[in-house]
Every structure is written in structure tokens, then in C-alpha cells.
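Taking it in order: structure first as C-alpha cells, then the write-up.
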There are 4 protein chains.
Amino acid sequence: MTNNKFEFLPEIAKLGHVALVSADLEKSLLFFEEVVGLEKTVEVDGVHYLRAWGDFEHHTLSIQAGEESRVDHIAWKAKRPEDVNNFAALLRDADVVVEEVKAGTEVGQGDSIRFQLPTGHNFEIYFVMDKPEVADPKRKAVLKNQTYKAWRKGISPRRIDHVNIATNMPASLITDFLMDKLGFKLREYVKAPNGDLLSGWLSVTNLVHDIAVMSRPDIKTPHEIHHLSYWSDNTQDILRAADILTENGIPFVGPGKHGITQALYLYVIDPGSGVRLELFSSGYLIFEPDWEPIAWDLSDMQLGITYWGEQAVAPDGPEPTINAGATLEVITK
Amino acid sequence: MTNNKFEFLPEIAKLGHVALVSADLEKSLLFFEEVVGLEKTVEVDGVHYLRAWGDFEHHTLSIQAGEESRVDHIAWKAKRPEDVNNFAALLRDADVVVEEVKAGTEVGQGDSIRFQLPTGHNFEIYFVMDKPEVADPKRKAVLKNQTYKAWRKGISPRRIDHVNIATNMPASLITDFLMDKLGFKLREYVKAPNGDLLSGWLSVTNLVHDIAVMSRPDIKTPHEIHHLSYWSDNTQDILRAADILTENGIPFVGPGKHGITQALYLYVIDPGSGVRLELFSSGYLIFEPDWEPIAWDLSDMQLGITYWGEQAVAPDGPEPTINAGATLEVITK
Amino acid sequence: MTNNKFEFLPEIAKLGHVALVSADLEKSLLFFEEVVGLEKTVEVDGVHYLRAWGDFEHHTLSIQAGEESRVDHIAWKAKRPEDVNNFAALLRDADVVVEEVKAGTEVGQGDSIRFQLPTGHNFEIYFVMDKPEVADPKRKAVLKNQTYKAWRKGISPRRIDHVNIATNMPASLITDFLMDKLGFKLREYVKAPNGDLLSGWLSVTNLVHDIAVMSRPDIKTPHEIHHLSYWSDNTQDILRAADILTENGIPFVGPGKHGITQALYLYVIDPGSGVRLELFSSGYLIFEPDWEPIAWDLSDMQLGITYWGEQAVAPDGPEPTINAGATLEVITK
Amino acid sequence: MTNNKFEFLPEIAKLGHVALVSADLEKSLLFFEEVVGLEKTVEVDGVHYLRAWGDFEHHTLSIQAGEESRVDHIAWKAKRPEDVNNFAALLRDADVVVEEVKAGTEVGQGDSIRFQLPTGHNFEIYFVMDKPEVADPKRKAVLKNQTYKAWRKGISPRRIDHVNIATNMPASLITDFLMDKLGFKLREYVKAPNGDLLSGWLSVTNLVHDIAVMSRPDIKTPHEIHHLSYWSDNTQDILRAADILTENGIPFVGPGKHGITQALYLYVIDPGSGVRLELFSSGYLIFEPDWEPIAWDLSDMQLGITYWGEQAVAPDGPEPTINAGATLEVITK
């Protein structure tokens, strides 16, 4: 990246939230509020703004009703206030269509921009977001550095962790964009025998990944989401989640441990929207500024995907995904 | 910070290592290798270079014999190769004495600089550090993103986490320096009724703290270290550590949970050097670029220090610390 | 024990329940139902019958209002239906006053007997007890061998574990009675330099103790209860309990690990009745029929009481206990 | 059972040990000592006597070399010294061939008897067994109620838990024998649509099972062993075991949670002998004297076998088992 225009190149600070549209809102709310145990910050105009007990910002998941389940956008918080506009300028320079979204369009959020990856996945970048105190004093944490009391109900993960998006186009279309335009760093990846990148794990934070990208030739559109993920402090919490899901009659895959990311996982599909949720714990952090991306090929990828436990990826065909973007025609003008 | 000289201001990427001098080397090695379970990368000229199974760099702790136990320096990895020299220039501009240390002085490490905080604590900044593969194939992890097999012996923490330094001078002398000269961000702090900063937790990473600073009027010198800390993935690992320490006849404080950092802790003193080790797990990460430092005052500090469990801080007088720097005369010229 | 009268000597099978009278019923229910998370089987005539999600019988704790908080009785399930009458006969032979209690006096329970230990502690023995299914299908476990879904709210322990009673008379008055009249086996004990038994841990099951007995010269009556205890499957659950209690503003002691029993503990006092609850996990089981009771003396008792963690026993004076029996005059005729 | 001959009917107190013959002794020792982390009490005449750190008796597993891997016998400790002879008399009355084995034949063990189930599985009953102190003071636990320091190496389970045996004859041949001749109680079972018992879980202790019995029409002999099991205190320990096994290149099945027994499991095959080891934690205890055996049928057995996690039983054909007895011809005279 060159730096002709700005004092600082704009940067992404973190994954902000996922905006979910559900074909069965009631079921989705039951799942995310009662079973997963997310807290509701507020409901405005049919949009339910949720966050985990350890999330600081206004929401990390919004859910509203819609005819077809889809992810409307995945939002990222910029590092500085001016980065929102600076990203807009940089993206327009690269012929990306950028839509400006007025403050308040999402409750709690300031001015933001929306645009699409070359695959049509809808992204949003914002900086200003309320960090509202908990209204009900009974649910407010006694700790000053924690939002809600933990463990009120259900699985009760601490915070949002990452998203995993899938495309039937070359995955490198996305990973190149994430690295070149948005400043993500590649942490681990799987490559085909011909050298093509099949999957990539990238981050702007010390997490191994804020986003993963998967090439899935058999999915319906180029802009699908494979899962969003919330994080729990201890692997024991994931075993407890397995009990809770089974007792609620909700099927899932796992627990197992990924080699890539080294995290304990459990995959469960929201019965309302069909979006997949990964419950996630443990794993490693990357503090190294000179990190060399870890390369996995097809011969060792099995260990990378499932270090142990129930297979993370169904062996017998495509896993369901849901649409996370516009059609490709729209976005390339 | 203004930016007249460099394209980028130099930045710290992470805590690198602690260089420990022990008055009883044998006991210290027994403690850190057999009880804590760190791995030895190599021993050269009486310096034992150790790291945890999940540390990537050549060493995160070095131990050598000396007449008096002390921490020779605390080392930080810069973000870019040129940052080492750029930090040297910036520090000299601020009248800090900077010593240049040739590559290889520490095994595995490139050119580095050493200097002192206003309190005399010795710091080192480096960029180049080997990330050696494990020589013994039996101890090498099967995972590509992990250095050693975990759980070989003892407590077996994953990685170095942070240091906590103490001074009998105003703590703000250190925190101001860390923020102004080295780019640390204040995450949480305790302030006296008169507004003075008593303790601060600061980081350059997403960890709540890479370094904590404590004002301790009763300690011997202005440049002491309260503890260094290694991190384990699960709180259960800390309970297992408590079993291991008790069975080895080594006293400790904890387990307990800090309010500040929200981490489970256990404090144990190396019987060889007297340096305190904090075994640490759980806690929270800060991804917010607009983080407002959490202020604790004396009325709520009790919850901040010990959310629950055995008191982290002895109520009846000063806790032992060891010297982590030169005398103040030397460093201020 | 000789066996002239019966084909089999009567035997105790297990701890059944504790009947608690609370001076502040509302607070006690809030504590045991909302914070601890016990389930209510039914309320009849002001008596609230509670059990944990993994308890099979009708109740393991009953709570009713009373002017003064106390434990009305501690109930034990006999091994065979005829054991209730046989115990009555054996006890009367030993000049113990035995009261017969009609089926239904406690909801769900058949005919039982009540009597007092030589210290005046009130005991009950029953055999018949309903094992009612969960009425609300939403709370019924999907597993056939589990009563309720776990993790509905609060700490959510699995089952009742043991009681700990205290006396200001010689502890051996109780332990001798438990062994000679009721068939308990001594598992571990603490003895004074003069050979007197100070504390004893006894069981009829494979648990290290179904009941512990402590000599406490400074307590108010000879028939006090120190605590009742519920068991959680994993030590991690006890750490989670510590979070929940702290967030609810309820003080507690622990976590720590006993040497005697080897269990992780956390002691918390019901704000309504003042009875102490021990949250308990891990520990060891005794399958050996030729078990030699473990003897601890004052020199090693510290390790026995608190292997590590926050001291289980307050060092500075008597811990509060509540009355668990009649006055001694009554019971000795 | 009638009681004409004895004051007390003889009773089994607990599972004692498994005597393993391995076709590759070196590999088996590497597995059980280095990877599983059992302790060696002693080696005498090529027989390696092992136990876990929390086992009290001389050995819970013995391993010796042999041409073909097999379990020589499964040993049970009687409740009283005279029970060994009394069992012999009762069994002979029922036309079971009983072999008397002199004290010292197994190191540490007193006089015992050996006999076969109707399926040919070899059982042993003993009462006297040394509980030797740990010779090496460094490995001796500081706790008086624990044998070795825990966590010396490898997975480090606490104690032996149960055995699971399989037959290609009707399982009821075994379960009837266990209940009628040896006093086991049926805790849970799976029945075929025609009412036949397919699998049974039985115990003499408060454990859900000391022994499980499975009908497996496709196995080689009527007297096979499916697995032996060691117990760990916390489910987290099983996840740690999964790391250790994977890093040692040893495949396994799990982790998963059984519905029947409610325990977390992980199945791994000893590379030396081919015997399967189940690493086991959590689960429930049965204290009820009036326990009604839990009946599972084929429609709900899936939940019973695998409540969640990786399937405990391979769906595609017979799992390997090893011989645990004589041929049927021999034993029925």
C-alpha cells in the first residue's frame, strides 16, 4: 500500500457485527437469546440488537425478519474516526462501489460505508458505535470492565469472535482484497496442488483469524457465509454448550479441535435462519509482526481441519450456507 | 507523538523475553524446567534459553547464574526492522541513554538497543529473533502452528504473557514513558484520592496488559519487578498447577480471579531467584480502538485486585520483589 | 453388631435430604432457587420441596418459614423397606427415643422414624420416597437417567452430596453412634495430641463422606450444622459458581482444595437462613472394603483442611453454625 | 439368593485389576507408562504391575509378553476375607469349575480363585492385596490419602474404573450370572424388539457400572473384551488426553458423551496388545437401593450410546476386540 493521500493508511480494528435476516424471526430469537444466551440491547423497528455479556459495543448481532434468510452485511470497526472516509476514498479509487450509510440507520452506530467484495459479500465499515450501559441494574456486571453479568441463561459465550465466508469463485479474490484493500494479514492457508489458495484465515487483531475464507465450488452463490462465531473462555464451556444444545433438541457437529487455529469447536445451525454458529474456545494468538503464514496442503489438511474429535466438515457433500451478499452483477457495475 | 523523521512512528509489537539472573541457578532451572515445564532451546556460555511449548521465538526467558538475583532486562519486539533504530533516535532525542547491543549477544537475537525507564528499569528492544524448530523430533509438535508438543512435564503453560514492574517513585513516571515514548495504551488503572496513578495496566497488543506498573512506596529500589507471567489455555490448567506446586512443596498464593484483567491467577516464587511467577488464564481481550481506560479507586479496588479467591496481594506489608534495573544515578547521567 | 433379631442388620443407603427452617423464607428461596439453581418439585402447606437436576428422589432439601433458622432434621434413606422398623427396634434397644412419622408428613415420603444423636442432632430414616417425573416437559431431561435438564439457571449443581455437623461435646459421641448404631465407616479423621477424635469423615457409600463431624468447643449448642453440600461434575463448575456468587453480591470462602476428601470447595452462607452451603467437586471415592481410616494430627491437619487455596476454616474464631436439633435435655430423657 | 450356608452371602467389593498379555510388550509398556502415564509398582518375572496415581492396591493392570495378545483374567476384590472361599463354594454348587490360585502367584495378592463365565470370560476373585507405599519419595504424594503425585507424565488418570466385555452368545448369559452368582445389580440396559437383552451396565459399587456386557454377534469368540477404562477427575482432562494422543500419533475415537452413564469418553487402542482403553470422566453415581434399571430400546439407543460428540461405536462393522477367556469347550466340561 502506498500512502500518498493520508497521514495514516486507514485500518480495520476489529470485527464489529453481523446483520442477520431470518425467515423465521421467532425461532432465531429463541435460539440466540434463550439457547445461546445473548443479551438484547434493544429492539427498534423490528430489528433486534444483541450482544454477548462481554461485548462492549451496542450490538454484535442484529436480527430482523425477512422473506429469505441471509446475512445483510458483515461490519468492521475502523481504527480511527477518519478511517471510514479514507477507506471510502481508497475503495472508490479501486473502482469499488461505496454506499454511505447515515448515522442511526443502525441503532447506536455513526456514519458508515457499505461495499462489496469482488465476490459480492456485503461489508460495512464504521467507527462510531455506542457502548451502552446495561439498563437493568440486576443484569449489569459488578465489574467495571464487563458489560453484563455472565451465565444468565443458556450457553452464555463471552464475545463475538470471527466470521467464515465461502465462495464458488477463487478464494484468492477475497483474500487478495482483504489484504490489499483492508490491511488484513494472512495467518494460515490451505493450497491446492496447483498452488491455488483454497482457504485462508486472516486477521487484523492478535486473533488467528477475524475472518476465514473458503473456496466451495458447489455452493449456490459466490457470496455465502459459512458461519459466525462466538467465543467462550474455557473449553469446558463448549462441553456444557453441547449438553444444553442436546437437551434443547438442536443438532450440532463437534466438539472437536481444529489444527488450524488450535481452537475447540462446535457447529450448530440456527433453526430460524439456517445460519451456522461456531462455538469456539482456546486456540492461539499471534503477536509476531514477522509472522510467516502457515501453509497446509491437501496431504496435511485433514489434521489442520480436525486435529481431533468429530469431523468439522461433512465428508459427504456441501454444507448448507446462506447468502451474505448481492448478486455479482450488481456489484461489479 | 509527532512524526517528522519517519514514515511510520516506531512501534512495539509484543513482550519478547525476560533475562533473569539467579543466585541459585540450579534451583531456578529445576523450578522453570521441571515444575513449570518450560522447554530449553539451548544453553550457551552458562545462559539457559527457555520458552514455553507455544512460544515461537528462540526464548522468552533466559536464566544465568549471578551473585545476586535480578532481572537484567525486559525485552520487547519491535513491529518493523527499522523500528529498533528509530526507537533509538527518538529516545536519544528525549535524552534517554541508549546502548546498542550487537546481534548474537543474546543467542538467536539480532541487533538491539537497551535503555532505562526513568525509574531505572532496564528495557531492551529488538526485532530479529530466530524461531528455531525443535531439534528433537520426539518433542516437536505435529501441528505446523505449534512449536513443541504440549504437556511434556509440569505445569506446561502455553506462552509468556506479561510482566509487572514496581517502583517506589510515582508510577506515572513509568506509565507516561510507556505511553509517550513506546506507544503503550493505558487499559485499566487505580488512582489515589488525590488523583495520582497508583497502578496501571498497559498494552500494545489485544491483551489487557503486556505490562503492569505498581507504585510500592516500601520496596527497596525504584526499579523492581513484581512478577513475570506465563499463560495457560484453561482455568482448569491453573487448578492442575496448584496440585503440582503443592506436591512439589512450593508455596503459592491463589487461585483467585482478578477483577482488573478478569484473569485467574496463581502466584509462585522461584525458589532459586526469588522472582515471582504468575500463572494466568482466562481474562478478556481489548479490540476497541476507542477504549476508555477503566478507572478504579481505593473504594472499589478490592474487587479489582481480587474479584474472588485467595487475596492476590498480601495485606500485611510489602511483598518481596527483585531488582530489575540499574541504580537511578547511572541512568539519569 | 450382632445379628440375633433380623435376617439382615438394617443399613443406611444414602443421605436423603435436609429439612431447613428459615427465618427469611423469601431470601432462602431466592438463594437456593435462583442463585444455586435448585428445582422445585412442589410446594405444599408452605413447605418448598427442592432438588438438584440430577437428584432422583422427590426432594433433597425442604425449606419452610420459621421464627428462628434451624435444620429440623437430616434424613437418611435405608437400604431395604424393613430397615426402617428394624432401625427403630435397634435404637430403642439402645435406649434411644424413636418417634414414628406417618407417610405423607413429608410430601412424597413413606413411613419414617426420627430420633436424636447423643448430641441432640435430629436424624430421620425413611425408605419409601417418590421419584416423581418432571411435570413441565420443557424442563424434563431428554436422557432417561437424568431428572431435569441441567444448566437452567444459576450454579446448577448435580446432586446433594453430604452434611457436616458440629458439636461442643466430644465428637466421638457422634462418630461412635454413627458407626455402632447406623453402620457408617470412618474414612478420615483428625485426632488431638491426647488421642481424642476432633473431626471425622464417615460414609456408607463409596463417597469419602456422607457426613462429617466436627468438635467445636465454642459453638452455641451441642447440635449444630456446619454445612450441607451439593456436588458439581467439574471443578470448572465451581469457578463458574464463584463468578455467579460474586455477581450476585453474595460473599463466600474459596475456592480451595481440601486434602481430606481431595475435593474443590467453596463455602457460601444462605442469606435467608444462615445455613452454610458447600459447593463441591472432584475428590476421590473409596471402593476398598478393607479401608484403613486416614489419621491426621494437628501437625499435618493444615494440609488436610486446605491443600491449597483460600483457607476453608476461618482462623480467627468460631464460624457461624445453625441449630440442627433439640436441646440436650429433651433427648436424653 | 438364599443364605443357608453362610452368615453373610459373599459379595464383590470392586473391580480389582486386568491381567493383560501383549504380543508387543515394549509397545504396550510405552503406551501405558509413557502415554497414559500409569505408575509401575514393580516388575517381577517379566510381569509389569501398574497402577494409576490414585489407585491404592498393588496393581490395577498387569502386562506381560505373550504370543497372542489377550486378557488373561479380570479380577474382582471380595468384600470380606472369607468371601473368596464362600464364592468358591457357591460357584461349585452351580457346577462352575473353580481353580484355586496360591497367594503370591500374582505379586502382592493373597489366595484367590479363578473361574469362567458361561461365555468363557476368565474372572478372578481375591481379597488380600498389598497397598504398597511408593518407594521413591519424590513420587510419593504429600497427601496421606493419595498414592503417587499426580500429573507426572502423560494423561495421568486417577484410577481404574470399569471393564466392558463382549460375547457372540446371548448377553443375558453373562448378566444373569453376574446378578445371580456374583451379586451385581443391573443399572441400565438395551433390549431388542423381542425383549432380548443386548447390552447391560452393572455394578456392585455406586458407579453406574463396574462392568458392561455387550452382545456382538460378529466377534470371533464368546469371550472377548471390548475395553478397560481408567477415570480422570475432570472432563477437561479428557480433552488434554486427546491432545497428548494426537501428538503421539495414536488414533482414537471421541471425545463424546454417553447418554448411558452420562460420561465423557475417548477410546484408544493400545498399539501393543490391541486392547481398547476408555478414558472416562464425569458421569453419575447411583446411591438408590431401589434403583429401577433404565431400559433403552433400539429407537432411543442412539442417544444412549452417544449423547453428543464423535460416535462411540463404529457404524460400519465390528470393532476389534481381544480374547478375554478360554474356549467355550474347556469351560463347560
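All chains are named by letter (A, B, ...) in the order of the sequence lines, taking the proteins before the strands, and each is independently numbered beginning at 1.
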Pick from [options] with the largest number of heavy-atom pairs that fall under 4.5 Å of chain B:
options                                : answer
A/Gly54, A/Gly304, A/Gly283            : A/Gly283
A/Arg159, A/Arg158, A/Gln236, A/Glu188 : A/Arg158
A/Asp233, A/Ile294, A/Leu143           : A/Leu143
A/Gln146, A/Arg80, A/Met129            : A/Gln146

Practice task
Report yes if some heavy atom in the side chain of B/Lys77 is under 4.5 Å from a heavy atom in the side chain of B/Tyr126; otherwise report no.
Solution key: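 Result yes, sub-4.5 Å side-chain heavy-atom pair found.
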Handout entry: pair B/Pro157-B/Leu38: side-chain heavy atoms closer than 4.5 Å
Key = yes
Practice task
Against chain A, work out which of B/Lys14, B/Glu288, B/Gln262 has the most heavy-atom pairs shorter than 4.5 Å and name it.
Solution key: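 The answer is B/Gln262.
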Under 4.5 Å from a heavy atom of chain A, the part of [X] involved:
X        : value
B/Trp231 : neither
B/Lys79  : both
B/Asp290 : both

Practice task
Would you check, one step at a time, whether the test side chain to side chain donor-acceptor pair (under 3.5 Å) holds for B/His59 with B/Glu106?
Solution key: CA-CA 10 Å; B/His59 57 281; B/Glu106 279 187 55; 2.7 Å; yes
Exercise for the section: Pick out which of A/Leu266, A/Thr261, A/Ile238 makes a side chain to side chain contact (heavy atoms under 4.5 Å, CB included) with A/Phe280. Expected result: A/Thr261
At a 4.5 Å cut-off on heavy atoms, which part of [X] comes close to chain B: side chain, backbone, both, or neither?
X        : value
A/Lys144 : both
A/Ser282 : side chain
A/Val142 : both
A/Arg187 : neither

Handout entry: Distance-only side-chain donor-acceptor flag, A/Tyr265 / A/Ser229, under 3.5 Å
Key =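 Distance-only check fails for A/Tyr265 and A/Ser229.
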Problem - Under the side chain to side chain contact (heavy atoms under 4.5 Å, CB included) test, residues paired with A/Val107 that sit two or more places apart - result: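 With neighbours one apart ignored, the set is A/Val42, A/Val44, A/Tyr49, A/His58.
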Handout entry: Partner residues of A/Leu198 under the side chain to side chain contact (heavy atoms under 4.5 Å, CB included) criterion, sequence neighbours left out
Key = A/Val190, A/Ala192, A/Leu298
Problem - Distance flag, aromatic centroids of B/Tyr189 and B/Trp201, threshold under 6.0 Å - result: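 No - the distance between ring centres of B/Trp201 and B/Tyr189 does not fall below the 6.0 Å cut-off.
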